[in-house]
Structures are given as C-alpha cells and as structure tokens.
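All ligand and atom numbering here is 1-based and tracks the order in the structure. Residue numbers run from 1 in the order of the sequence given.
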Amino acid sequence: MRNESDFDELKEECGVFGIVGHPDAAELAYYGLHALQHRGQESAGIVATDGTGFRYHRSMGLVHEVFNRDILEGLKGSTAIGHVRYSTSGESLLTNAQPLVFHHEKVGQLALATNGNLVYAARQKKELEAQGAVFHTTSDTEVIAHLIANSRYDELKNAVKDALNQLTGAYALLILTNDSLLVAQDPHGLRPLSMGMLGDAYVFSSETCAFDVIGADYLREVQPGELLVLNRQGLRSLSFAEPASRAVCSFEYIYFARPDSDIDGINVHSARKQLGRQLFNEAPVAADVVTGVPDSSTSAAIGFAEAAGIPYELGLIKNRYVGRTFIQPSQELREQGVKMKLSAVRKVVEGKRVVMIDDSIVRGTTSRRIVRMLKEAGATEVHVRISSPPVKYPCFYGIDTADREQLIASDHTVEEIRDLIGADSLYFLSEQGLIRSVGRRGAVDSCGHCLACFNGGYPTVIEEKESVPVEGRQG
Ligand code: SF4
C-alpha cells in the first residue's frame, strides 16, 4: 500500500529490458534490470526461452531480492525479456508483475513487457470482456495480449500491428515468443527505448545505463511507430503507424532517467545541469550556498551553482536505506516520515542564505517540509528554484502525477505556492527554458518533448480531458 508521501512525488511506471542471441540472456537481463531499478521497485520478472518453451520467474520486490543464482540458472535460453514495475494502473499484485505470460492459439506462448500507459485500457477491457475475453490481471498490458489474440490476422507480426493500431497512449513494448522478439514504440515515442548490441546479440532497454552495465554498444532509439521483428531470419524494421511528432516525456530528462543515461543522444546529467544554468539565468538570487534535493536534483543544483558562482554544497542528505515499503508512522508522526528520507546538514546551511533546487512540486507538502527542515537547521533564507515548469495537468501516459485537484499548481499561483511552502522566493523554469536547455532538435515548437502536464497539450486524443486550470503566474 502506498503511503501519503508517495503521492507527493512523480512516479515512473516501469523499465523494460530485452536481449536476443546470447547464451547468458537471463543473467544479462538481470544486470540490465538492476540498472533500471530506479524505474520500478514493486516487482521484477524475467522470461527466457531456448526456442522450445518459456522459463520465467516473477515476484514482488527489488531485482536482487527476486532473483538468486539458482533461479537465474534455471532461466535457460538465448533470448530473454525482463521488467521492473511500479504500478500506476493495475494494483500492486503479483499477478500484475510483468512480463505477463499467455498462451496464444496461433503462436503458442507469448510474453509481454511494457513501459507506459494505455489511455483507454479500461474501456477496451470492457469491450473485450463483452466479446468473451477473460482477464487474469488488472494490468492494462493484458489488453494488448487480448487484442493480439482477437486479431483477424494469423501471422504474429500482422496481429501485433493490428493490436497496436487500436491503442492510444504510451508504450515501449517487448513481445517474446519461442521463435521471435517483437519490439514496438508508440507513434509519439513517449517512453524511451534504446537498441544496442553486445557482440552479435541485440539488446533493448528503457535506458542506455543498462547497456553500459553489460558492456553493450548503443545503436539507436527505437523509432516512434516502429515495430522491430527479430527472429532466425535476422532483424526487420517495420512501421505499424505513421510516426506522429515525437513527444518524449520531459520528465525523463528532468527527473526519471538515470544521469548516466542518454535519451536520443542527449546525456541526462548534462541536460539537468543545463536546466540548472537556465534557472539561474531566469531567476538569479543572492545567496551563500546552493543545494539540491537528492538525488534527481543534484545535477541541476550543480548547474545553478556554476552559473551563479555560488558554492554547491550537500545541504540535504538522503537516507539510502529507506525502502519504499517502510512502515509509515501514524498520522501524528508523519513529519518523521520525511525526516527518515532526508536530513538537512546543519553545518552547511546554518546562518546561510540557501538556494534549494528541486525538480518538481506536485502537492507541495514535501517542499514545505524540506524548507522547514532547512530553516530549522539554521538557514536564514531559503530560495526554491524548480527545474521544471509548474505541473498543472495529470499525466495519462504512465506517470503517477496524482489527481488534478491534488496538483498544487493547478489552482494556485506561484506566489500562493511560495507562501504555502514557506520559501523566501520561488521560481519554476519556463517551458522555453526547458526546451532550450535539453537541446533536442525538432520541427515543432516542443522540439520533440511531451509538455502536457505543464500546458495540457496532450499529444494523443484524451477524451476525458479536464477543464483548463487557473493559470499560475511566475512570481
Ligand atoms: S504528461 Fe508530463 S509526465 Fe506525462 S508523459 Fe507528458 S511530460 Fe511526461
């Protein structure tokens, strides 16, 4: 069960990893998933095949808790896919742990691993159930399996294309059978999915940091609307949809991805540093020390400090050993919950004017506690700088942004938020500053970013789209 503080952070949904044509496929998938652990900590799973049948293991917990040497040795085969999960849709249950495994009348065994979220999965599930489909999970990934099974096409690649064309939303998808691996990216490329090579083996990963861990070379991104088919005949690239304008999730650069990953050739740490530099350019402030909320804001804080000529210091320390499932104290002791995760370093902040860099403000409760923590540790002023624009709209693509009414920026001005969190000043990075800092190139104004949670411009049709919020003013 999630505790309240979980809802004050944006949460990634999942990470996927796949490898084709390596004798140690499952073991390499293990190391790949380990590198992707930050993308999901609720469950992990690997399915491997030697061409005669699936061997798989899935369980709740972290990758190193779910697998041991004996389990990995049992996952024989030269092809494997793996998954780490944080559930935003579908409950946190073992039955929802991916890869999901099915028996398909036409192709036999089928395993699916996805990162992303399907916008109309609930409605499609109802329609499929009305046609007689029986669902075994509450994960929307199962909708894809049923759409493949229900397709009028017999050949797998055509059935998959048919299914993908019925989906709306974000998906970086791996589909394993006993003789092939299919890899697909949604038409907007909302979630990152990279392709690499390890010797003669093809590897796929949500992030390139997994390639570095196993010594694979990066080849390219899987393209929006692309379907790759890998089997004995080799690798074929097909397109299942006209690629729409690219809209990679901005928060991959701002917050989710590991700093050592590259997305579309842009290093995440470098992009974040540039966000920090831009923040200083847009909202300079006189201060003695710059600190970042660890870990995701560290790079932006370094960038801000460099641009400002103010020392960067570790003013906040994260307790790395607080798991996601720590027992949350009672309502009255909730303040302790944050202190278990973060501490202010008194010797660094005492008597100082502090610039505190964070990557986002969701509900504002965590920001308020951190500002108070810094002041209790003796900071004379706390100036908050946020390396993203205000989050005013919910995400429909797999990021847990909480409900619209819980998003503090949806109905408060920047000045009101500043007041609520107790900061001496507050500034959110501009959209243009974000786009310029990351440095993606693109024909459209967004330069290949999804910016929907900032401006409501969803790249796909969202029928349930909510009304326009009160505009927050920079203050
Ligand atoms: S709406 Fe926001 S969180 Fe969701 S995919 Fe777009 S940029 Fe990312």
E405 side chain to S410 side chain, donor-acceptor N/O pair below 3.5 angstrom: no
Under 3.5 Å side-chain donor-acceptor pair for N96 and T138: yes
D262 versus T208, side-chain donor and acceptor atoms under 3.5 Å: no
Those atoms of ligand 1 less than 4.0 Å from some heavy atom in A452: 1 (S)
Ligand 1 atoms in contact with R191 (distance to a heavy atom under 4.0 Å): 5 (S)
Minimum heavy-atom distance between I214 and L198, given as atom pair plus value: O-CD1, 3.5 Å
Sub-4.0 Å heavy-atom contact, E252 with ligand 1: no
C450 near atom 6 (Fe) of ligand 1 via N/O/S, less than 2.8 Å: yes
C249 neighbourhood, listing ligand 1 atoms whose heavy-atom distance to it stays under 4.0 Å: 3 (S), 5 (S), 7 (S), 8 (Fe)
N/O/S atom of C453 inside 2.8 Å of atom 8 (Fe) of ligand 1, strictly under: no
Metal check, atom 4 (Fe) of ligand 1 vs C395 N/O/S, cut-off below 2.8 Å: yes
Atom indices of ligand 1 within 4.0 angstrom of S250 heavy atoms, with elements: 7 (S)
Qualifying residue, where the test is side-chain hydrogen bond (donor to acceptor under 3.5 Å, both in side chains) with S250 and the options are R440, H449, E431: H449
CZ (F454) with more than 12 external heavy atoms under 6.0 Å: yes
